[in-house]
Amino acid sequence: MRVALVARCFNARSSITSPLSLHSWPARQLRAGILTKRLGPGEKLPSQPDLAKHYGVARETVKRALDALRAERLIVSRQGSGVFVRAQTQRPVELRPHLEAAFEREEVTIDFAGFSGETLQGALAEVLDRVRAGQLAPKRIALRVMVSDMGVPMALPARAGTGADDPTVRERMERITHRSLDAIIDQVRELGDLGLVESANVAVRLHSASPLFKLYIINNTEVFFGFYPVTERTVAHRGEPIAIYDLLGKDVPLFNYQVSEEDASHGTQFVAASKQWFDSVWNSITREYQG
């Protein structure tokens, strides 16, 4: 059958060492493959016996995993034909399955450039919880986070109407930024302090450029890129409403690029250019975050 189709989703087969219920193991791997498009819309999955053999679990375990994915509307069964990835999964491609797949490896590296780090903190929170629970077991984690310094004049965010820099507006954003960055630092370093990973390093640097996009570089092989839309809205600061031009990062579409076997492919070139851009800014105009 087509066991190779499943193997294509992952570079190496991992062992089942998690206390997590067994049926979630194949479900999690297949889910990640579907949401990251490694298992394309309309593709047929291997048979239950082949999946059971590949994952080293009982056929009943595979059946429960497929039932879970069917309930999530990720797969569909066709009588007499088999099980297929839905042509339209009705779910957007998410960052979290890619992060989970990255944390399946022994070495995890993430470079992030963006506004406040708030969405990064949210995306990492559940994955790091699974490391604490023993469900994911990387050996080494290294994060580099690069965000705008809201302590200095900035084009965005700004007062609505005039578009002028305002220390009051930046003060609000600076508080949010520090809260997100401190949470990331604490959560990652805690894994090392608890002895759950061999090393857990977080480096954070600030720069004075206005944020207009967000960039994730995962394990130096995959990039997520998205633009920050500028919108006018009213926010509260110290109990007072303020109309501002703000940058919205939550739920914005992220474009995914991956390294392929072809050096000239669009994905390979975009990942290489993203790494080059990140390093050039990191090593030039940034300064260390003091917390």
Side-chain angles (χ1 to χ4, degrees), residues 95 99 102 108-125 127-128 140-159 163-193 199-220 223-231 233 235 237-238 242 244-252 254 271 273-291:
L95 176 64
L99 289 176
V108 180
T109 64
I110 299 173
D111 290 339
F112 171 81
F115 190 5
S116 67
E118 188 175 22
T119 54
L120 172 64
Q121 192 271 324
L124 282 173
V127 180
L128 296 180
R140 289 168 288 278
I141 302 172
L143 267 67
R144 293 192 298 176
V145 181
M146 186 167 63
V147 298
S148 299
D149 185 356
M150 289 294 120
V152 301
M154 198 73 56
L156 287 166
R159 281 277 186 177
D165 173 73
D166 188 323
T168 302
V169 175
R170 284 190 286 104
E171 180 185 351
R172 169 186 171 273
M173 198 63 236
E174 187 175 28
R175 186 179 69 252
I176 295 172
T177 300
H178 283 214
R179 183 175 65 223
S180 302
L181 295 178
D182 292 342
I184 293 170
I185 293 170
D186 290 343
Q187 290 168 1
V188 173
R189 289 181 177 173
E190 180 189 38
L191 300 179
D193 294 340
S199 66
N201 298 312
V202 185
V204 180
R205 299 186 71 85
L206 308 176
H207 57 77
S208 301
S210 295
L212 296 175
F213 62 86
K214 65 171 66 176
L215 175 74
Y216 301 83
I217 306 174
I218 303 174
N219 282 346
N220 291 317
V223 163
F224 279 86
F225 178 90
F227 294 101
Y228 287 122
V230 179
T231 184
R233 68 191 189 109
V235 299
H237 181 67
R238 296 184 178 178
I242 306 175
I244 67 172
Y245 289 132
D246 200 8
L247 294 154
L248 296 184
K250 187 178 181 181
D251 299 326
V252 299
L254 292 174
V271 172
S274 298
K275 291 164 58 179
Q276 183 181 36
W277 174 86
F278 189 98
D279 288 338
S280 71
V281 178
W282 183 272
N283 294 323
S284 59
I285 63 171
T286 61
R287 49 197 172 274
E288 187 176 352
Y289 171 67
Q290 299 299 323

Enquirer: Any side-chain heavy-atom pair from Ser116 and Met150 closer than 4.5 angstrom?
Expert: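 Ser116 vs Met150: side chains apart.
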
Enquirer: Would you say Leu143 and Asn201 make side-chain contact, with heavy atoms under 4.5 Å?
Expert: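 Answer no - side chains too far apart.
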
Enquirer: Under 3.5 Å, is there a donor-acceptor pair linking the side chains of Tyr216 and Thr119?
Expert: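 Per modelled atom types, Tyr216 and Thr119 side chains form a pair under 3.5 Å.
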
Enquirer: In terms of side-chain geometry, is the basic nitrogen of Asp166 or Arg172 positioned less than 4.0 Å from the acidic oxygen of its partner?
Expert: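 Not counted as a salt bridge, because no side-chain N and carboxylate O are separated by less than 4.0 Å.
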
Enquirer: Apply side chain to side chain contact (heavy atoms under 4.5 Å, CB included) to the pair Lys214 and Phe115, showing each step before the final yes or no.
Expert: CA-CA 7 Å; Lys214 65 171 66 176; Phe115 190 5; over 6 Å; no

Enquirer: Kindly give the heavy-atom pair with the smallest separation between Pro211 and Leu247, and that separation in Å.
Expert: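 The answer is O-CD1, 3.2 Å.
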
Enquirer: Is it the case that atom CZ in Phe213 sees more than 12 heavy atoms from other parts of the structure closer than 6.0 Å?
Expert: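 Yes - once you tally the heavy atoms of other residues, nucleotides and ligands closer than 6.0 Å, there are more than 12.
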
Enquirer: Less than 4.5 Å apart, any side-chain heavy atom of Val108 and any of Asn219?
Expert: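 In contact.
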
Enquirer: Please evaluate residues Arg144 and Thr109 with respect to the criterion side-chain hydrogen bond (donor to acceptor under 3.5 Å, both in side chains), reporting the C-alpha separation (whole Å), side-chain torsions for both, the decisive distance (0.1 Å), and the verdict.
Expert: CA-CA 8 Å; Arg144 293 192 298 176; Thr109 64; over 6 Å; no

Enquirer: Can you find a pair of side-chain heavy atoms, one from Ile242 and one from Arg159, that are under 4.5 Å apart?
Expert: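 A side-chain contact under 4.5 Å exists here.
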
Enquirer: What closest approach, in Å, do Ala200 and Gly192 show between heavy atoms, and which atom pair accounts for it?
Expert: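 Shortest heavy-atom contact: CB-N, 3.9 Å.
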
Enquirer: In Å, rounded to the nearest 0.5 Å, how long is the span from CD of Glu118 to CE of Met173?
Expert: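 The CE atom of Met173 is 6.0 Å from CD of Glu118, to the nearest 0.5 Å.
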
